[in-house]
Number of protein chains: 2
Amino acid sequence: MSAVEETDQAIVAALATDGRMSYTDLATQVGLSVSAVHQRVRRLEQRGVISGYGAKVNYEAIGLPLTAFVAIRPFDPAQPDDAPERLAHLPEIESCFSVAGEDFYILLVRVKSPTDLERLLQEIRTSANVTTRTTVVLSTPFEQRPPQVRLD
Amino acid sequence: MSAVEETDQAIVAALATDGRMSYTDLATQVGLSVSAVHQRVRRLEQRGVISGYGAKVNYEAIGLPLTAFVAIRPFDPAQPDDAPERLAHLPEIESCFSVAGEDFYILLVRVKSPTDLERLLQEIRTSANVTTRTTVVLSTPFEQRPPQVRLD
DNA sequence: GTTGAAATCGTTTGGAC
DNA sequence: GTCCAAACGATTTCAAC
């Protein structure tokens with residue numbers, strides 16, 4: 001993936017902030033014509049710099065009020081490490097990060113209740129043959145803030 | 001925030017998957033008329049169930065290839081805990097979670113380089129008077145997957 | 001909830017500079 | 001890159017059921 005220059009950065013930042021912004025507004029904001037902005041957005045999408053658009057969701061309101069981080073490491077460190085593929089089918093897992101440190105992966109999960117968290121942890125352990133260490137999120141002061149525009 | 005019933009859940013899930021889906025397509029997908037779907041989406045936005053729309057960004061491509069989790073706890077546990085407000089001005093911090101466990105908060109940060117991470121950690125420590133424990137993300141098998149539709 | 005119509009706005013393409 | 005024009009589709013509101 002090649003780098004992205006200043007104007008494209010501004011476009012990406014604007015669309016990360018408001019993914020439904022019209023090309024007219026976007027053009028004004030970055031100081032280009034509608035045609036030029038349109039062309040750039042299409043290229044950013046094709047290159048995968050923008051991989052899609054999504055609604056920002058209030059998880060409490062949709063019945064998933066419990067968020068947690070689940071750090072996992074293999075029960076047997078010699079076994080093949082294919083945890084992500086083994087866990088991808090669990091929809092409660094929103095994100096999966098491979099990390100440096102004592103743990104192998106950190107998962108971000110969203111569930112309805114402690115009971116569902118318990119069930120999910122069991123599924124994670126058996127699906128990927130791992131041990132888990134769970135950190136429950138109590139509140140979220142802020143989340144998914146758009147990336148800053150870096151004008152180097 | 002009140003709960004959301006089945007059809008609204010389907011709408012939210014669809015828009016989390018594709019935030020730019022047209023009302024025509026959305027109506028087909030959830031089995032309603034365009035008018036009805038439009039009305040529901042407007043209500044979901046007003047109620048804050050959908051808090052906005054954002055582009056899904058490839059952070060490597062926009063010059064932020066280094067992601068890390070930063071767990072923080074106060075240097076002096078007796079001091080007032082206002083870390084989120086003290087940290088909100090740092091644009092590198094994408095998310096801030098208040099957590100149960102030994103740490104007080106877990107931050108998700110995105111930076112350009114190890115040098116920038118070092119600088120950011122110093123800023124976090126001095127801004128909020130906290131100690132930090134950082135876990136570097138090596139790769140991201142998946143991230144920001146849309147929530148599942150739960151048909152209870 | 002539904003359909004249908006109407007006005008408006010945004011998207012998208014293409015041509016010319 | 002710009003501007004302009006044209007065709008098309010989507011949004012939005014409204015009335016009527």
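By convention in this document, chain letters (A, B, ...) are assigned in the order of the sequence lines, proteins followed by strands, and residues within each chain are numbered from 1.
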Find out whether [X] and [Y] are in side-chain contact, i.e. whether some heavy atom of one side chain is under 4.5 Å from a heavy atom of the other.
X: A:V12; Y: A:L44; answer: yes
X: A:I62; Y: B:P147; answer: yes
X: B:D8; Y: B:V49; answer: no

At under 4.0 Å between heavy atoms, how does the protein contact nucleotides 10-17 of chain C? Give one character per nucleotide, 5' to 3', with B, S or -.
SSSB----

Could you tell me whether the side chain of B:N58 and the main chain of B:A61 form a donor-acceptor pair under 3.5 Å?
yes

Look at atom CZ of B:F75 and say whether more than 12 heavy atoms of other residues, nucleotides or ligands are closer to it than 6.0 Å.
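Not more than 12 within 6.0 Å, no.
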
